[in-house]
Structures are given as structure tokens and as C-alpha cells.
Amino acid sequence: MAQKPSIPKGTRDFSPAEMVKRNYIFETIKEVFRLYGFQPIETPAMENLSTLMGKYGEEGDKLLFKILNSGDFAGNVQDETWTEKNSNKLTSKISEKGLRYDLTVPTARFVVQYQNEIIFPFKRYQIQPVWRADRPQKGRYREFYQCDVDVIGSNSVLNEVELVQIIDDVFSRLKIRTVVKINNRKILSGIAEVIGENNRIADITVAIDKLDKIGLEKVNAELSEKGVSSEAIENLQPILALKGSTAEKIAQLENILSGSGIGLKGIAEIKKLFGYLGNLQLNTEVELDLTLARGLNYYTGAIFEVKAKDFEMGSICGGGRYDDLTGIFGLPNVSGVGVSFGAERIYDVLLQANLFPQHSAETTKVLFVNFGEREEAYCLPVLAGLRKMGINAEIFPDSAKMQKQMTYANKKNIPFVVLAGESEMQAQKFTLKNMETGEQNSVSAEELINILSQS
RNA sequence: GUGGUUGUAGUUCAGUUGGUUAGAACGUCGGAUUGUGGUUCCGAAGGUCGUGGGUUCAAAUCCCAUCAUCCACCCCA
């Protein structure tokens with residue numbers, strides 16, 4: 001046996017059966033995006049490293065896949081650069097491109113680059129793979145798809161409302177019961193301000209984020225370890241302990257944050273958002289969750305996270321608002337708000353719950369068994385008629401054994417088989433077999449098309 | 001980046017204190033069945049035991065190295 005071929009760690013092949021399922025998710029998501037007026041863009045798999053570096057923090061830079069320069073990349077490097085063995089320095093000499101790490105930064109680049117052509121507010125969606133040189137583990141890959149939908153260039157809370165509607169719409173169609181958790185960065189900033197730790201927002205939010213994971217005590221321990229004063233931690237306790245309905249939480253927070261301008265601004269936004277959402281007939285639950293911080297530190301307003309009920313699984317969708325999306329590329333004061341659907345995790349949920357449709361537009365509906373040349377000729381016009389009606393149909397290309405052809409239909413999960421041999425030809429009929437019930441009928445060409453276009 | 005796990009047939013895995021020719025299930029192919037699949041029965045093909053070295057009369061089994069894999073942590077989707 002020759003050496004077994006393989007693919008890089010953390011990457012995957014997708015079989016036809018898997019692609020049918022994946023496309024079901026992507027198509028459902030796209031349909032909903034279009035329904036709200038979003039249009040697709042695509043950007044290249046690779047970006048200039050100058051576009052990517054420094055946008056994801058120090059960790060992120062390490063997790064970027066870098067592309068070796070073409071040609072004689074080593075020739076221009078000075079000897080001392082090699083011998084110094086400083087990877088960072090060396091990298092900049094031999095690599096100037098990298099694989100995209102997410103879709104947000106390329107979109108920001110896109111907006112800045114085409115700012116004079118883009119119609120604002122820019123409502124775009126983008127479904128493409130991204131790459132991270134992370135160490136893969138369960139449910140985490142080095143190549144995976146992101147399904148982003150964003151509105152860029154509008155500060156209106158109406159966008160947040162519509163994003164929640166989109167989330168509701170998508171998961172209703174996929175039949176996944178969800179709860180949408182919402183928070184606001186300004187409230188978190190307000191909290192930091194009120195407890196007197198203005199510039200420790202990052203540490204505080206990261207710690208708060210872990211509240212339901214590691215518990216109150218460990219969060220407090222982590223906070224003091226990070227250098228947050230014990231007084232501030234003390235002041236934080238009533239906030240962490242907030243209970244009750246969203247409306248009740250908001251009322252209490254309004255009180256607590258009365259001394260913080262930014263905090264009150266956040267309250268106002270949240271109030272408006274929940275006010276709108278309250279009047280909509282949503283299937284999903286929506287709640288204010290102050291422990292929701294998300295690691296990304298560029299969010300400045302609303303923060304979203306969607307969890308699947310009935311499943312032990314991380315979030316299946318998340319996002320938020322960032323007020324200065326494009327500033328780093330030289331276009332300040334452009335706000336963006338969006339969410340990203342986690343296709344891989346949604347796939348796992350649908351698979352576990354057996355929620356994928358049995359047959360889709362991408363599977364064959366009917367197979368014609370091949371009995372020989374004369375029979376082939378007899379079948380071809382009907383086959384063409386079926387396809388004209390938009391029915392996926394195929395004929396087995398060789399007059400192989402019947403058993404083999406039936407097995408083929410069975411494995412491809414084709415629901416109908418047509419048998420047309422000598423006796424059928426004589427009677428100008430076709431035998432239509434239902435592969436699920438085993439039942440079969442003799443029908444004319446016209447009836448065949450009628451039956452298949454209706455079932 | 002840190003810690004651990006496992007590498008045996010296409011796949012999932014057995015394989016005794018080291019001992020003759022390395023097994024099973026599923027899958028594949030063929031047959032029972034020249035026009036009937038998914039359920040039955042019979043048969044066949046398929047392995048340099050991840051790779052390299054060492055210990056031994058003898059290694060899938062013990063030791064070392066190396067590569068790969070999966071899992072957890074950090075972080076994230």
C-alpha cells in the first residue's frame with residue numbers, strides 16, 4: 001500500500017452528503033439575509049500582512065497563517081537576520097501575505113478602499129472560510145466558515161433590532177430553539193467607571209464573562225489577581241448579583257449607573273432595543289445578560305450571543321457593534337454592527353437533533369434503471385421532460401446488474417426508481433417504484449412527470 | 001505556547017507474563033437471485049502492526065527517538 005494521503009491538521013474534506021447539509025444551512029441563512037436587504041461580497045483568501053497584523057492582539061498575530069513570498073524569498077535576506085533567529089523579524093522579510101483570520105477586518109479594508117463606490121448604509125453579508133493557526137480540538141478547526149452579516153455606516157438602534165429579527169428568522173427556519181443574550185459595552189464601561197476602575201474594562205469584562213463558567217468566587221479571585229482593588233470588587237458585587245426580568249435589571253442598573261454618562265447611554269440603547277423587540281412576535285427568547293462580555297475588545301455598543309436551548313454547546317451566533325470599525329484604515333467615525341453565524345456548530349446541533357431535511361434540492365429524486373441501449377433511448381425523452389420540470393433525475397450510465405443499480409439508488413438515498421424494460425416499452429409505460437414503501441405502479445410518461453412533480 | 005492520549009485491514013477496534021501462519025465487526029467485491037435496493041445466507045480480496053534505532057534466540061507487545069493523531073488548558077468561532 002502506498003503512503004496514505006492526508007490533509008493538514010484541523011482541515012476537513014466535505015463529502016456530497018455533508019455538502020448537502022452544509023448548503024442547507026448556508027442557503028437558509030442567505031435567504032434570510034436577502035430578505036432584510038443585505039447583499040453579498042467576497043474578499044480574497046489572502047490579504048497583505050500589513051492589513052492583518054496588529055488587528056487581533058498579540059495572540060492573534062501568532063495565529064495568522066503566513067504565506068511565503070514567491071520566488072527567491074531567501075536571497076534578499078541578510079545573513080545576520082538568519083543567524084539572529086528572531087522569527088518576527090525574519091517573517092517580515094520572507095512573507096508579506098497571510099490568510100484571512102476573520103471577515104471583519106477584510107470588510108473594514110473593503111469599505112475604506114471602496115468608500116466612494118459603496119452605498120451607505122452598507123448592508124453586506126459574507127460567507128467564506130477563514131484560517132487560524134490554532135491548535136485544533138473538538139469543534140475547533142484551522143479552516144472554518146464564518147457567515148457574517150453587518151450594517152456599516154448607521155448608528156441607528158433599528159439595525160440591532162433587525163439583526164435580532166434575522167437571528168430569530170434563521171433559527172426559526174432551522175427549527176432550533178434559541179435564547180439571544182444581549183448586553184452593551186457602554187454599560188460595562190459604566191460599571192467600570194462607577195466602581196472606580198475606569199481603565200480596567202478589559203480585565204473586568206473577561207472575568208465577568210466567566211461568571212457562569214467558574215463561579216463568583218473564582219471571578220473575584222481572578223479580578224484581584226489582575227490588580228483590581230478590593231474596594232472595586234466589593235462595589236462590583238451587587239451588580240454581579242443582579243436578578244430578575246430584563247426590565248427589572250434595567251431599572252436597577254439605571255440607579256447604579258446614574259453617575260456615569262456612558263453607562264446611562266448604554267442603558268438608553270438597551271431600553272430602546274428591548275422596547276422594539278417587545279412589540280415583535282419573536283420565537284426566540286431575548287434577555288439582558290450582563291455577564292456577556294465576549295473577548296473581542298473592539299465592541300463599543302450592543303453585544304449579542306445566541307445559545308441553542310436543549311444543547312450543551314457554546315454560542316452558535318454572536319456579534320455586536322463597533323463604533324470605529326474603519327478608523328485603523330484611515331476612515332474614522334464609521335460605525336458597524338453585525339453578527340456572525342457559527343455554521344460548524346449549527347451543523348452539529350442540527351445533526352444531533354436530526355433536523356436536517358431528508359431530501360433537498362441537491363439530491364436526486366428519481367433514478368432510471370438502465371436495461372440496455374434500446375431502453376436508454378426509450379427513457380431519455382422522459383428524463384428530459386422531468387428535468388424541464390425542475391425534477392432532479394438521472395439514469396444509470398451502464399446497463400449493470402439490477403442489484404447494483406438498486407444499491408446505487410439506495411445509497412444515494414434516491415426516493416424513486418423508474419424501471420422500463422421490454423414489457424414496459426411494449427405497453428408504452430414506466431414502472432415507478434417508491435423506494436421507501438417498496439410500492440410500484442405502472443404509469444404513462446405524463447403520469448410519471450405529474451406524480452414526481454407533486455410528491 | 002503548556003499538559004496528556006492514542007498510532008494494528010478502507011473504517012472502528014481486539015491481540016494474554018514477549019513465543020509458530022496477527023484476529024473480529026462494519027465496509028468493499030463476488031455468489032445464492034439474467035427485472036428489484038434497504039433485512040438473510042455463503043465466499044473472497046485486503047496488513048512492512050506510523051517511521052527509525054535499540055534490548056532479545058525471538059518484538060505488534062519492552063526501551064529510546066521521531067512523526068502523526070485526538071483530548072484538555074490559554075484563547076477563540
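Worth knowing before you read on, the calculation uses all heavy atoms, side chains too, and leaves out hydrogens, waters and symmetry mates. Naming convention: chains lettered A, B, ... in sequence-line order (proteins, then strands); numbering from 1 in each chain. This one's a predicted model, so the numbers in the text were calculated from it and none came from an experiment.
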Distance, [atom1] atom - from [M] to [N], rounded to whole angstrom:
N     : M     : atom1 : answer
B:U55 : B:A14 : C1'   : 27 Å
B:C42 : B:C26 : P     : 11 Å
B:C57 : B:U12 : C1'   : 37 Å
B:U8  : B:U69 : P     : 13 Å
B:C29 : B:A68 : P     : 34 Å
B:U2  : B:U66 : P     : 14 Å
B:G27 : B:U11 : C1'   : 7 Å
B:A65 : B:U28 : P     : 42 Å

Can we say [X] and [Y] salt-bridge, meaning some charged N sits less than 4.0 Å from an Asp/Glu carboxylate O?
X      : Y      : value
A:E287 : A:K307 : no
A:R12  : A:E143 : no
A:E344 : A:R22  : yes
A:E18  : A:K21  : no
A:K433 : A:E439 : no

**Donor on one side chain, acceptor on other, A:Y299 and A:D323, under 3.5 Å** = no
Give the rounded distance in Å between these two atoms: [atom1] of [X] and [atom2] of [N].
X      : N     : atom1 : atom2 : value
A:E59  : B:G1  : CD    : P     : 11 Å
A:I29  : B:A77 : CD1   : P     : 16 Å
A:K62  : B:C76 : NZ    : P     : 13 Å
A:L63  : B:A77 : CG    : P     : 11 Å
A:F144 : B:C76 : CZ    : P     : 12 Å
A:R132 : B:G1  : CZ    : C1'   : 17 Å
A:R12  : B:A77 : CZ    : P     : 16 Å

**Message:** Check this for me: A:M53, atom CE, are more than 12 non-hydrogen atoms of other residues, nucleotides or ligands nearer than 6.0 Å?
**Reply:**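 Yes, because the 6.0 Å sphere around CE of A:M53 holds more than 12 heavy atoms from other groups.
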**Asked** Counting distance only, does the side-chain N/O of A:D289 pair as donor-acceptor with the main-chain N or O of A:I182 below 3.5 Å?
**Response** no
**Prompt:** Judged by atom type as modelled, is there a donor-acceptor pair below 3.5 Å linking the side chain of A:K123 to the main-chain atoms of A:Y36?
**Reply:**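 Such a contact is found between A:K123 side chain and A:Y36 backbone.
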**Fill in**
Scoring nucleotides 30-45 of chain B by protein non-hydrogen atoms under 4.0 Å (B base, S sugar-phosphate only, - none) yields -S---BBBB-------
**Message:** Requiring both pairing distances under 3.5 angstrom, list the stems that contain RNA chain B and are made of three or more consecutive Watson-Crick or G-U pairs.
**Reply:** B:1-4 with B:70-73, B:10-13 with B:23-26, B:28-32 with B:40-44, B:50-54 with B:62-66
**Request:** Have a look at A:R345 and say if it touches a base, only the backbone sugar-phosphate, or nothing, with a 4.0 Å heavy-atom cut-off.
**Result:**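 The residue A:R345 makes sugar-phosphate contact but no base contact.
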**Message:** Students often get this wrong, so: under 4.0 angstrom with heavy atoms, is A:Y145 touching a base, only sugar-phosphate, or nothing?
**Reply:** nothing
**Message:** To the closest 0.5 Å, what do you measure between CG (A:L277) and CD (A:E160)?
**Reply:** 10.0 Å
**Asked** Has A:R124 got its NZ or CZ under 6.0 Å from the middle of the six-membered ring of A:F110, at an angle within 45 degrees of the ring axis?
**Response**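 Geometry flag: not set, cation outside 6.0 Å or 45°.
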Heteroatom pairs (N/O) under 3.5 angstrom, protein to nucleotides 67-73 of chain B:
{"residue": "B:C71", "atom": "OP2", "partner": "A:K138", "partner atom": "N", "Å": "3.4"}
{"residue": "B:A72", "atom": "OP2", "partner": "A:Q137", "partner atom": "OE1", "Å": "3.3"}
{"residue": "B:A72", "atom": "OP2", "partner": "A:K138", "partner atom": "N", "Å": "3.4"}

**Prompt:** Can you say whether the rings of A:Y145 and A:F26 are parallel (under 30°), tilted (30 to 60°) or perpendicular (over 60°)?
**Reply:**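 Correct class here is tilted.
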